[in-house]
*Asks:* 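Okay, handing you the structure first.
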Amino acid sequence: MTAATLGERDVRRRHKIGSYVVMSAIAVIFLFPLVFMFVSSLKPDAQILSDVGSPRAFIPVGDISLENYFGVFDRVPVGRFLFNSILVTVLTVGLGLIVNSMAGFALSRLRWRGRVLVLSVVIATLIVPFETIAVPMVYWVSKLPTLVVEGGVLKYDFGWLNSYHVQIVPFIANAFSIFLFTQYFSTIPKSLDEAARIDGASWFTIYRRIVAPLAGPAFATVAILTFLPAWNQYLWPLMVVQQEELRPVMVGMQYFFQLNTAWGEVMAYTSLITLPVLLVFLSFQRAFVSSVAASGVKG
Amino acid sequence: MNRRSLATIVSASTASALVLTGCGQAGQGDQGGGDGPVRLTMWTHSAGNPAELEVYEQIIADFNESQDDYEVVTEAFPQGAYNDAIVAAAAANDLPCLLDMDGPIVPNWAWAGYIQPLELPTEITDALLPTAVGSYQDEIYSAGYWDAALSIFARESVLQENGIRIPTADDPWTIDEFDSALATLKDAGYDTPLDIGAEDTGEWWPYAYSPMLQSAGGDLINRDTMLSAEGVLNGPEAVEFFTWFQDAFAKGWTSSGGTVGNEEFNNDEVALSYTGVWNALDSLEAAGDDLLILPPPDFGNGPKIGGASWQWGISSTCNSPDGARAYLEFSFQDEYITAFSDKQVVIPATEGAVEASEYFGPDGDLQPFVELSQQFAVPRPETPAYPVISSTFEKAAKDIMNGADVQQALDNAVAEIDANIESNDGYGF
Amino acid sequence: MTTPISTSPAAGLPVPETPRQAGTRRATRGAALRRERRTGLTMAAPALVLLLLFLILPVLLAFGLSFTNARLISPNPPRFVGLDNFLRAFTSDPVFLRSTINTFVFAAVVVPVQAGLGLLLAVLVNQKIRGVTAFRVIYFIPVVTSIVVVSILWRFMYQPDGLVNNFIDTITFGALQGTAWLNNPDTALGAIIVLSIWQAVGFHMLIWLSGLQTIPEELYEAARMDGASVWQQFVNVTWPGLRSTMVFVLVTITIAALGLFVQIDVMTQGGPVNSTTTLVYHAVRKGYREQETGYGATISLIFFVLVLLVALVQRYLTRDKD
């Protein structure tokens, strides 16, 4: 081993250690609010408030107990809300994958009139924040037809308020998802389609058997990105869901803001509803992180 | 993504979507089909408040058992989301039969046609605290079981040590006395001697501070016409009051830091706390016999505190107003009213319930609140313009707290309120 | 994908070739084109119909409302008022003007800073060293945490006696004193900017990372052979290779930044003294909380137009110049 390579190695090692130090310092910045949340969820209100200005806020010391968690379960039907959120999220994401990827396929690989216009309109809708159309939306969904089973008979009725589907259907189609699929699909060689066409495959088959299986990373990316807003739905269910049995988790936050806020319970509840997301993310993180990378999202 | 998993997603999604469309649907105000009792839906703002819900459950169970014509079913909402839910339901023509609402919003909803005149027997509504009854254009639309009240919490020992006179309802602090008391307490080592709850947001602001403004001779709106805030919200009295308000923060007598609640007083970090009856039990535990419940200071026109809390009304789309009235009549029993006030720690709305109350009865620890409420409570203006008045007042007062020019901020608020009233053709006045 | 597997029996199976005439081939091609058109529309239809129903229609409804005095709650039917609402916004609503300024200030700071920090983080976690995935995950965690939750936590930390001030006090040995960050008109918007970047930067780190990983390693090797320093490698290899990623990152951050709402709603409600009010927040406050639906819709409409303009300008500035 020569002196030169030894020096180079040394430099590289120092560089590596430097990287770890920097990355760890940054990691602390990204983690501390969450640590604060988990730790506070174990403390009584008064102690949370008195610890807040000191490093004690991050250390489970003092009067530590699960009291807040019991309080949460007394106040809020946690299980029910979790179930609702899981249901709404899974359906929104699942149906969204299908609908948006089909649209992306049509927009990226098929020639039809109006395609360019449609794509521009879809992209333009990205600029609409939901808050600005929430009010017209409430009027609108309250007029939509629906099927109800009443006394064993299937009937027509109007008004989508107070249901699961009102929390799902408006959010299935997603401009951003369509855009991502369109981008990703257009990177898959078109020669594959032609070959399959010659073999007599229908477009639908090409989509399902050739293009979709090659687009795993795009599906994974869209799944995670649509999972988050669906889980965190707040303003919308607050306006359109009346029965407690149908409420999602974020609305449950409001249960703790009474005349005086039970901060310990707020922290316990936020911990409880953040945990599933973290678990989902942690278990898929490898696939997700590499799939975003592989999907090579581009402008 | 492989074929199998896609197919699974598809079939699972479609199947469950279909199932859910069917079973997730259950409209409000539906008539329980055919025979049997008429179903009356009822919404409360009490989700997350087990003590209050318990009393409602008791009343409803008793009522449903007492007769065969009606069946009350209830749905609880968290308070922060309640008004949104009502507005959305009204837009969808889907309001419940019975609903509770915060007192100051009653005229707005009456004007909008959400609720109908209450028409309960007058012996019930006459017996209630005046601020527990909500009206619009001389018609009663709502009635409540209780009211809340604000007061100044203090420790007797602290006032005595610092040579500060203990005020009474008949002889409250003048504003000068109050100022010098705050200065003394500040010198005595209290960093910010007074907690007025400025860290809170929303309705608390007009509820807590507009009575002070009234005590100083100003108001939120000219209540004779209900058409303009000119001269009352930005007149010399209002400017004087808000200058005091701004100074109180600037001088460090009070602050907008901390968290909502009364912890600071209970830990003796502040000497005086302007807060509500709902915090009294905790403070009683913290300070014991030392706790004083004092009237707020007199800014010139006598002490004033905010009145009107949550009250009950009947929606105009109620399928059976008679049933709704029957339920409300049934519910206004002293026994229930006492239960509400003792569980919630709020002031009972009837004399009989006061007598029976553990806390508010003649020997109760919180008896002073009854007196404060009876003598000093003023309602917020009974006009449909109230939501915009409330939001504008909060913004103006916060801007002033943070150093905005007082006259300017108040003039802007007046202009905004007046423009809104005009664009609504005077809201029926 | 929406139909069960059974509806396409031929899927994947090779179809036997049949001999064809030239004429029929042309006819087939015509038919094939028609089929392609039809299929294209059919496959896009579910998404398009849903977007139309639940996005475009409400937007159009809002446009219509902006020319009326419609109210959220009112016994009176809405009246057509022409351009009154627009006049009001531009001539007699100082809060609207302030909101516009704040919105653009927020975006002007957040877009470059968040994009830059995101790239920095991406370069850090793009190193081939052990445990780097863990750091990627950690930096991404705030993104998966609800913004409502995050805003509540940060409101705690920004208190006068909260963690942020305590931290400043400690590292400067008491030389610098913090302030009541969210109650001081000079610092409130800055405080929200910091929190917003903290929350979202992990997402853009991943996007940059995806861009970095598409740059072939050979290019770096070649650059190293030429004796390029790390910085020169970045300037000559990395940055040119990230062009399209950059456009994507800028556009997404800009759109998100201009739509700022939740943080404001939870933390400051537009205060102190209008220092944090934004266009979307003002639209919601007017149109929903103060019930002036027509006027709120007007603010939304102006907002859409402004964002569209920004997007077009951005598109122009980042166009391919070659």
Side-chain angles (χ1 to χ4, degrees), chain B residues 1 3-4 6-7 9-11 13-14 83-84 86-88 90-91 105 108-114 191-192 198-199 201-202 249 255-259 384-385 387-392 394-405 408-409 412 415-417 419-420 423-425 427-428, chain C residues 1-6 8 11-12 68-76 79 81 84-85 88 92-95 98 152 155-156 158-162 165 179-186 188 265-275 277 282 284-286 288-295:
Chain B
M1 179 154 295
R3 179 150 44 99
R4 196 172 299 261
L6 271 184
I9 295 176
V10 178
S11 35
S13 317
T14 352
N83 282 9
D84 294 336
I86 293 284
V87 169
I105 199 80
N108 186 265
W109 290 1
W111 169 74
Y114 287 14
D191 200 20
T192 50
E199 65 279 5
T201 59
F249 288 94
S255 89
S256 58
T259 43
V388 72
I389 293 177
S390 165
S391 157
T392 311
E394 180 191 359
K395 207 175 101 44
K398 277 189 178 161
D399 288 353
I400 290 170
M401 167 180 85
N402 289 311
D405 180 77
Q408 180 81 45
N412 286 347
E416 210 166 309
I417 291 170
N420 182 285
S423 76
N424 283 285
D425 308 325
Y427 285 106
Chain C
M1 229 195 299
T2 43
T3 48
I5 299 291
S6 57
S8 43
T68 70
N69 69 347
R71 296 187 43 90
L72 188 61
I73 298 180
S74 173
N76 310 321
R79 239 190 351 249
V81 295
D84 281 9
N85 288 331
R88 176 178 168 194
S92 62
D93 186 356
V95 184
R98 191 63 208 266
I152 290 175
R155 201 173 59 183
F156 252 105
Y158 277 139
Q159 280 175 13
D161 58 350
N165 283 345
T179 169
W181 298 97
L182 295 173
N183 286 320
N184 183 337
D186 297 329
D265 194 37
V266 176
M267 300 176 81
T268 62
Q269 297 83 43
V273 206
N274 298 327
S275 59
T277 177
H282 193 50
V284 172
R285 189 172 100 91
K286 285 289 165 194
Y288 195 65
R289 309 265 153 79
E290 292 183 6
Q291 310 183 348
E292 297 186 86
T293 312
Y295 187 53

*Asks:* Under 4.5 Å from any heavy atom of chain B, what part of C:Val95 do you find: side chain, backbone, both or neither?
*Replies:*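 The answer is the side chain of C:Val95.
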*Asks:* For a side-chain contact (heavy atoms from CB on, under 4.5 Å) with C:Gln291, tell me which candidate from B:Ser391, B:Pro387, B:Pro384 qualifies.
*Replies:*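 It is B:Pro387; the other options fail the test.
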*Asks:* Using every non-hydrogen atom in the two residues, find where B:Ala112 and C:Ser74 come nearest and quote the distance to one decimal.
*Replies:* CB-N, 4.2 Å
*Asks:* Under a 4.5 Å cut-off applied to non-hydrogen side-chain atoms, are C:Arg285 and B:Lys395 in contact?
*Replies:*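 A side-chain contact under 4.5 Å exists here.
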*Asks:* Out of B:Ile389, B:Ile400, B:Asn412, B:Asn424, return the one with the most heavy atom pairs under 4.5 angstrom to chain C.
*Replies:*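 Ranked by heavy-atom pairs under 4.5 Å with chain C, first place is B:Asn424.
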*Asks:* Pick one of side chain, backbone, both or neither for C:Asp93, based on which atoms fall under 4.5 Å of a heavy atom in chain B.
*Replies:*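 For C:Asp93, there is no contact with chain B at all, as no heavy atom is under 4.5 Å.
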*Asks:* Pick one of side chain, backbone, both or neither for C:Tyr288, based on which atoms fall under 4.5 Å of a heavy atom in chain B.
*Replies:* side chain
*Asks:* Locate the shortest heavy-atom distance separating C:Pro75 from B:Trp111; write the atom from each residue and the value.
*Replies:*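 C:Pro75 and B:Trp111 have their closest heavy atoms at CG-O, 3.1 Å.
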*Asks:* Which one wins on heavy-atom pair count under 4.5 Å against chain C: B:Asp84, B:Val388, B:Thr392?
*Replies:*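 Option with the greatest count: B:Asp84.
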*Asks:* Compute whether any side-chain donor of one residue and acceptor of the other, for B:Lys398 and C:Asn183, lie under 3.5 angstrom apart.
*Replies:*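 B:Lys398 vs C:Asn183: no donor-acceptor pair found between side chains.
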*Asks:* Select one option (side chain, backbone, both, neither) describing which atoms of C:Arg155 are under 4.5 Å from chain B's heavy atoms.
*Replies:* neither
*Asks:* At a 4.5 Å cut-off on heavy atoms, which part of B:Asn108 comes close to chain C: side chain, backbone, both, or neither?
*Replies:*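 Both backbone and side chain.
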*Asks:* Without hydrogens or angle criteria, can the side chains of C:Gln269 and B:Thr201 be said to hold a donor-acceptor pair below 3.5 Å?
*Replies:*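 Side chains of C:Gln269 and B:Thr201: no pair found under 3.5 Å.
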*Asks:* Output the distance between atom CG (B:Asn420) and atom CD (C:Glu290), rounded to the nearest 0.5 Å.
*Replies:*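 If we round to the nearest 0.5 Å, B:Asn420:CG and C:Glu290:CD are 7.0 Å apart.
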*Asks:* So how far is it from C:Asn69 CG to B:Ser423 OG, rounded to the nearest 0.5 Å?
*Replies:* 6.5 Å
*Asks:* Any chance you could measure B:Glu416, atom CD, to C:Glu292, atom CD, to the nearest 0.5 Å?
*Replies:*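 These two atoms lie 8.0 Å from each other.
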*Asks:* Could you pull out the closest heavy-atom pair between C:Leu72 and B:Tyr114, with the gap in Å?
*Replies:*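 In terms of heavy atoms, the two residues are closest at O-OH, 4.3 Å.
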*Asks:* Please name the pair of heavy atoms, one in C:Pro272 and one in B:Asp399, separated by the smallest distance, quoted to 0.1 Å.
*Replies:*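 That closest heavy-atom pairing would be C-OD1, 4.2 Å.
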